[in-house]
Amino acid sequence: MSSYSIERAPAGGSGAGANSHFSQSNYVPPHLRNRPSPTEQPAAPISYAGAAFGNDRQGYGGQPGGGIRNGGPWSDVNGGGRGGGGWNNRNNGWDRGREREVNPFQEDVNTDPELGTEENTRINFDAYEDIPVETSGDNVPPPVNTFADIDLGDALNLNIRRCKYVKPTPVQRHAIPIAISGRDLMACAQTGSGKTAAFCFPIISGIMKSNISVQRETRMPRMAFPLALILSPTRELSIQIHEEAKKFAYQTGVRVVVAYGGAPINLQLRELERGVDILVATPGRLVDLLERARVSLQMIKYLALDEADRMLDMGFEPQIRRIVQQMDMPPPGLRQTMLFSATFPKEIQRLAADFLSTYIFLAVGRVGSSTDLIVQRVEYVLETDKRSHLMDLLHAQRANGVQGKQALTLVFVETKKGADSLEHWLCMNGFPATTIHGDRTQQEREYALRSFKSGTTPILVATDVAARGLDIPHVAHVVNFDLPNDIDDYVHRIGRTGRAGKSGLATAFFNENNSSLARSLSDLMQEANQEVPAWLSHFAVRSSNGGRNRRGGGSGGRFGGRDFRRDSSFNRGGTDFYGGPHINSGYGGPSGGYGGGYGSNVTSAWD
DNA sequence: AAAAAAG
């Protein structure tokens, strides 16, 4: 039997040095990784060398490959050796001097300056002021107004500045203090609300602050012991979370590794062997890795499940339960768990009850529900007219576009076949398009996404694989060529535009085949102050399907979910719920942030 | 019914 202890080496090992300090291990805990590397030897106790850090990294803003030693523009922040316990200047002592941590911010410099017009990049913070936020639970830590209000550590704060995040989004304002205080969290929030940072910041900060040391299982030297696990439903979302997490963890010494299917497993295995603190994964590939005994979950201290409702929709519940409950992961209470979900149906409630320990419930209003950031249009289009109608839209858009450029347009269709044939047809007709769906190889999918993002093929035809979570900046227009059957899917799809406070356009092609969606669609549009065409209202009346497709049925109202503990036997002593929810709205007061106001180039922490 | 995810 292996028991869990944060400070101790994994039990059941060979008995070598099972105490709280690392000894002859390959593993260098993050808080010790800022030491100079002693040549090629496995990390052995080294005397602390003060501020003389070997900063063998690529200099920020420098030429690729032009390594700068401890002299980059940030060396003032980085080389100070100040603060207790070597808080900053964690460098990758990891690699024992060999591997360079690629600067994840480099690629962002000069990306698509054309697309970043004044209008597009200015953040519409005001539009979010009235996003409702609801928290409930025992002793909820108060929200913060700036990132600086929380002690995330210098290195992380620096990366927040590098990301140009000025002030926290509503979900971050609430979730970060909750998570920092060690509490479990069930959060109802959409992608685009800033979730990724909301769970990454506390994890990275926690790993840096803790003195967790992992004793490698000497009989299984190839087994990886991540401290944090982030599960997400699709490969692309995992890739995206990984990319963001790498930015947040840059030069913190915290290592982030991603594992997902469809890609060569050997590369991922090699990455894992180099050490991993935060593992981002899709469920299938992780189960594979666990079965191969290449990953152990017994050191997991943080577990984050992103888009949990989506994962259940996709039938991942068995895999997820296997990973969380039937492997060697510490139970609730001995780990910190954060569950994110756009909706809160019964299955998610069960998951929350099983995975979380006296958690805090947080619901953030739908982005766009109370604003006009996304202009929604519905047009009546017969199946046979859809293609020519799309063509008209694209022509008009090109004519209105900047320098005759096609604005990025995401076209959702129902089937994989339909995606392929529409892509082909668009290309034939002079509209550079590509497609992303589950029948394409992972390589093709990633290539398509890159080609779209870069504007090489400004039209992307997609199935629902791209509906949720994917952050593609600058998507100007989402076309629901085929409407989904579920209104939540619709919300997710149109959420691919109007991101980061930018405005966006969503056009839907509606006909008889979509009548089941009429009611919920017209309700949703009404709620978002959109113009609802009269004919759609007629459809809505005619197809009174008892509100089966209406939002909020059963699983919650406008927040996409309620804390069910207050509805049922979870009440203590029959009294009311824990003292009632605290209703907060938007940002309270002005932001101290990082000073400097918001220039036109400021991106926000929304994504 | 279709889509996604482990090969």
**Q** According to ring-ring contact (aromatic ring centres under 6.0 Å, His included), who are the partners of A/W425, at least two apart in sequence or on a separate chain?
**A** none

**Q** Name all residues meeting the ring-ring contact (aromatic ring centres under 6.0 Å, His included) criterion together with A/Y447; count only those two or more places apart in sequence or in a different chain, and write none if there are none.
**A** none

**Q** Please enumerate all residues that pass side chain to side chain donor-acceptor pair (under 3.5 Å) together with A/Q442, with sequence neighbours excluded.
**A** A/R235, A/E236, A/R445, A/E446

**Q** At under 4.0 Å between heavy atoms, what does A/R440 touch on the DNA or RNA strands: base, sugar-phosphate, or nothing?
**A** nothing

**Q** Which pairs count as salt bridge (Lys or Arg N to Asp or Glu O under 4.0 Å) when at least one residue sits in residues 281-296 of chain A, sequence neighbours excluded?
**A** A/E273-A/R294, A/D288-A/R292, A/E291-A/R322

**Q** Of all residues at least two apart in sequence or in a different chain, which pass the side chain to side chain donor-acceptor pair (under 3.5 Å) check with A/T384?
**A** none

**Q** Indicate, with a heavy-atom threshold strictly under 4.0 Å, whether A/G315 touches base, sugar-phosphate, or nothing.
**A** nothing

**Q** So where does chain A start and stop touching DNA chain B, 5' to 3', when the test is distance under 4.0 Å to a non-hydrogen atom?
**A** B/dA1 to B/dG7

